Structures are given as C-alpha cells and as structure tokens.
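Data first, discussion second: the structure below is written as structure tokens.
Keep in mind the model is a prediction, meaning the values are calculated, not measured. Below, each value reflects all heavy atoms present in this structure, side chains not excepted, and no hydrogens, waters or symmetry copies. Chain naming here is simple, since letters A, B, ... match the order of the sequence lines and numbering starts at 1 in each.
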Protein chains: 2
Amino acid sequence: MFPIGRLAKATGVKVPTIRYYEQIGLLPEPERTAGNQRLYTQGTLERLAFIRHARDLGFPLEAIRELLSLSDRPGQSCAAADEIARRQLAVVEARMARLAALRDALQRMLDHCASGTIADCRVIEVLGDHGLCAHDHGAAEAGHPA
Amino acid sequence: MFPIGRLAKATGVKVPTIRYYEQIGLLPEPERTAGNQRLYTQGTLERLAFIRHARDLGFPLEAIRELLSLSDRPGQSCAAADEIARRQLAVVEARMARLAALRDALQRMLDHCASGTIADCRVIEVLGDHGLCAHDHGAAEAGHPA
DNA sequence: CTTGAAGCTCTAGTCGCTAGAGGAATTAGG
DNA sequence: CCTAATTCCTCTAGCGACTAGAGCTTCAAG
C-alpha cells in the first residue's frame with residue numbers, strides 16, 4: 001500500500017494524470033488513509049502500467065478502456081483484442097502515409113527556396129498558390145504537440 | 001463581395017472554422033451587410049487559402065500567424081519563413097520516426113498473436129508486461145482523430 | 001409574400017491532459 | 001515532541017483547433 005507519488009514514479013505517469021484516470025473511470029477509486037490520501041496496491045500499479053504502455057503505442061483511452069475490460073475476462077477469445085490492435089495499426093499506418101506526403105512537400109518547398117526576399121520565397125509562394133501544392137484534400141495531420 | 005458560405009466552399013474551410021479564425025485574429029473582421037452578415041473579398045479568400053494549405057502541411061496556427069505577418073512584408077528576407085518551414089519539417093520527421101516505432105511494435109504484437117484466449121493474447125500480454133515492450137519513453141504519439 | 005436555406009451569436013463539448021490556487025496531511029530530522 | 005519540508009487533497013480553468021447545437025434573423029428564389 002503506497003501513496004500516489006510512488007505510483008507515479010513507478011509507472012512514469014504524472015500524479016494529476018493518475019487522478020484524471022480515476023476521474024474518468026479507467027482506474028478504480030483506491031482506498032484512503034485516515035487523512036483522505038490515496039493508497040494503491042500492486043494490482044493498480046499493473047493496471048496503470050498497462051495503460052501507460054498502451055498510451056505509448058498510441059491507443060486512445062477509449063480503446064484502452066475496452067482492452068482493460070477484455071483483460072478482466074481472461075477466458076474469452078483473443079479476437080476482440082486482436083481487432084483493436086489491428087485497427088490501431090491501421091490508424092498508425094494512415095498517419096504515417098499522411099506525414100510522408102507532408103514531409104515531401106515541405107522538403108520540396110525548402111529545396112527550391114531561393115533564400116532571397118519574401119517576394120520570391122518558395123515557402124510563402126507554395127502556401128499561397130493553389131496550383132503549386134500537392135493538393136491532398138484529406139484531413140490535416142496537424143496539431144498536437146510532442 | 002460574397003458571403004461566408006461561398007468562401008467556405010471556395011477554400012474547403014468550414015463556416016464555423018472561418019468564424020473561429022476571425023475570432024482569434026487570423027482573419028480580419030470583414031465588412032457586413034445591412035443585416036449584419038459577413039461579406040468577404042478576394043483578398044481574404046487568398047489569405048484563407050494560404051491558411052488552409054499551411055494547416056494541411058501540419059503548421060500550427062501560431063506558425064501560420066507568423067508566416068502571414070512575414071508575407072505582409074514582401075521586401076524582407078526569406079530566412080525567417082525558411083526557418084519556420086525547416087522547424088515544421090523537423091517536427092514531421094520526428095513524428096514519423098515515432099510512428100514507425102509504434103507500427104513495428106503493433107505489428108510484432110499481432111504477428112505473435114496466438115488467436116487463442118485472452119490469457120495467452122500477445123496484445124494484452126505485451127501491454128501488461130514491462131519487459132516485453134520496446135520501452136521507448138518519449139512522449140506518446142497519441143490522440144487526435146482524423 | 002412566403003418559404004427554406006443560409007446567416008447570426010453564444011455556449012458548451014471534444015481529447016488527454018496540465019497548471020495553479022489554497023489548503024491539509026504526512027514524514028524526516030533535531 | 002516539534003517543526004519544516006514535502007507530499008497530498010480538491011477544485012477550477014486552460015491548451016489546440018476546432019465542432020455541435022440552440023434559438024434567432026436575414027436573404028434569395030419562386
């Protein structure tokens with residue numbers, strides 16, 4: 001039985017994130033000390049490590065919720081878990097393809113940059129002119145910092 | 001002079017998004033009709049097309065804001081714009097490397113899936129066991145739907 | 001002149017956290 | 001046993017980049 005800080009250190013998940021996971025029901029409400037502080041067990045540590053690994057692999061929390069509920073019923077078929085992982089793989093591959101296109105477009109912009117004034121700047125030019133870009137009208141692969 | 005719907009159709013940017021861009025100062029406040037409806041010019045259309053292209057290339061709005069302010073001063077050096085694009089390229093490449101690692105980990109999980117019961121499921125197993133994963137402790141490349 | 005599409009403002013929700021305020025509890029050292 | 005430092009608590013608000021919906025007004029076509 002250890003407090004939240006030790007759990008955080010052991011799993012590499014930050015303290016507020018652990019509380020957030022509890023709030024959204026990914027982690028069970030733990031026991032408390034007389035002074036209302038959370039006390040965790042080894043079981044919860046393992047559950048959180050599972051979540052952490054899955055997050056590292058890019059699974060959204062909803063998929064992790066599903067995987068956890070599967071792993072709580074160990075006698076059943078593996079097919080559902082397999083399917084979730086397969087879907088995640090597809091997501092990752094799609095995102096990679098999209099990024100490869102972006103990288104190439106950026107590289108082309110930079111390759112041809114005259115390093116002169118803004119008026120001749122390929123970067124600005126490509127972004128401003130409809131005809132010069134690769135013109136992929138899928139969803140933007142943007143946002144979301146490291 | 002045309003209304004917001006036509007601007008949306010012409011650029012492929014949704015109507016609420018256009019209003020949002022105005023709200024955060026990426027687009028200027030347009031003229032209005034007597035009945036308070038927005039009226040846009042060709043200039044704004046081009047500005048919005050620029051934003052759209054840059055978003056498609058994954059530039060965050062703050063970088064776009066900077067690029068726009070650069071392109072408003074066409075006599076200056078291209079170096080700053082070049083630098084922004086270079087940074088974006090680095091971001092994209094880092095993200096790709098991260099995704100490649102995820103893809104490989106997912107692929108390995110699936111390759112070895114016994115297709116049996118949950119108890120033997122490689123997917124669950126890998127996520128639960130610290131020792132089995134590739135153990136890259138960078139930030140998660142997660143979230144963010146298409 | 002009526003109807004239906006398109007416009008308006010405003011608020012709240014999405015995802016997965018992160019940051020901060022303002023306080024209470026625990027723990028290590030003296 | 002007491003103090004000081006650290007950790008913990010709850011709560012609210014914010015990030016980026018939108019998206020959705022309520023409830024209303026204005027415009028264009030027939």
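For the pair B/Ile4 CD1 and C/dA5 P, the computed distance is 19 Å after rounding to whole Å. Between the P atom of D/dC8 and the CG atom of A/Leu7 lies a distance of 10 Å, rounded to the nearest Å. Put simply, CG on A/Leu61 is 13 Å from C1' on C/dT14, counting in whole angstrom units. Taking atom CZ on B/Phe2 and atom P on C/dA6, their separation rounds to 17 Å, with Å as the unit. Separating the CD1 atom of B/Ile18 from the C1' atom of C/dC8 is a distance of 14 Å, rounded to the nearest angstrom. Taking atom CD1 on A/Ile24 and atom P on C/dC17, their separation rounds to 8 Å, with Å as the unit. Rounding to whole angstrom units, CD1 of residue B/Ile64 and P of D/dG16 are separated by 13 Å. Between the P atom of D/dC8 and the OH atom of A/Tyr40 lies a distance of 10 Å, rounded to the nearest Å.
Applying the 6.0 Å contact sphere to CZ of A/Arg6 captures no more than 12 heavy atoms from other residues, nucleotides or ligands.
A distance of 14.5 Å separates OG1 of A/Thr44 from OH of A/Tyr21, quoted to the nearest 0.5 Å.
Side-chain atoms of A/Thr17 do not come within 3.5 Å of backbone N or O of A/Val13 as any donor-acceptor pair.
The side chain of A/Arg55 contributes an N or O atom lying less than 4.0 Å from OP1 or OP2 of C/dC17. Applying the 4.0 Å criterion to OP1 and OP2 of D/dT10, one finds that A/Arg32 has a side-chain N or O inside that range. For C/dT9, neither phosphate oxygen OP1 nor OP2 lies less than 4.0 angstrom from any side-chain nitrogen or oxygen of B/Arg19. Put simply, B/Tyr21 has no side-chain N or O that comes within less than 4.0 Å of OP1 or OP2 on D/dA17. Listed pair A/Arg38 / D/dC9 meets the phosphate criterion, a side-chain N or O lying under 4.0 Å from OP1 or OP2.
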Contact list (N/O, under 3.5 angstrom) for nucleotides 18-21 of chain C vs protein:
residue	atom	partner	partner atom	Å
C/dT18	OP2	A/Thr17	OG1	3.0

Between protein and nucleic acid, restricted to nucleotides 27-30 of chain D and to nitrogen or oxygen atoms under 3.5 Å apart, what atom pairs and distances do you find?
residue	atom	partner	partner atom	Å
D/dC27	OP1	B/Thr33	OG1	3.2
D/dC27	OP1	B/Gly35	N	3.2

Protein-nucleotides 12-14 of chain D N/O pairs closer than 3.5 Å?
none

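When the side chains of ILVMFWY residues are joined at heavy-atom separations under 4.5 Å, either directly or via intervening members, B/Tyr40 and B/Leu26 end up in a single hydrophobic cluster. Residues B/Ile18 and B/Phe50 share a single hydrophobic cluster, defined by chaining ILVMFWY side chains whose heavy atoms lie under 4.5 Å apart. A/Leu67 and A/Leu27 fall within a single hydrophobic cluster, where Ile, Leu, Val, Met, Phe, Trp and Tyr are joined by side-chain heavy atoms under 4.5 Å apart, directly or via other members. B/Leu110 is connected to A/Phe59 through a chain of hydrophobic side-chain contacts under 4.5 Å among Ile, Leu, Val, Met, Phe, Trp and Tyr, so both are in one cluster.
Salt bridge present: B/Arg65 and B/Glu62 bring a charged side-chain N and a carboxylate O closer than 4.0 Å. A salt bridge links A/Asp56 with A/Arg52: the distance from a Lys NZ or Arg NE/NH1/NH2 to an Asp or Glu carboxylate oxygen falls below 4.0 Å. Between B/Arg108 and B/Asp104 no salt bridge is recorded (no basic side-chain N to carboxylate O distance below 4.0 Å). A salt bridge does not link B/Glu31 with B/Arg38: none of the charged nitrogens is closer than 4.0 Å to a carboxylate oxygen.
When the options B/Arg95, B/Glu93, B/Arg98 are evaluated for a side chain to side chain contact (heavy atoms under 4.5 Å, CB included) with A/Leu99, the one that passes is B/Arg95.
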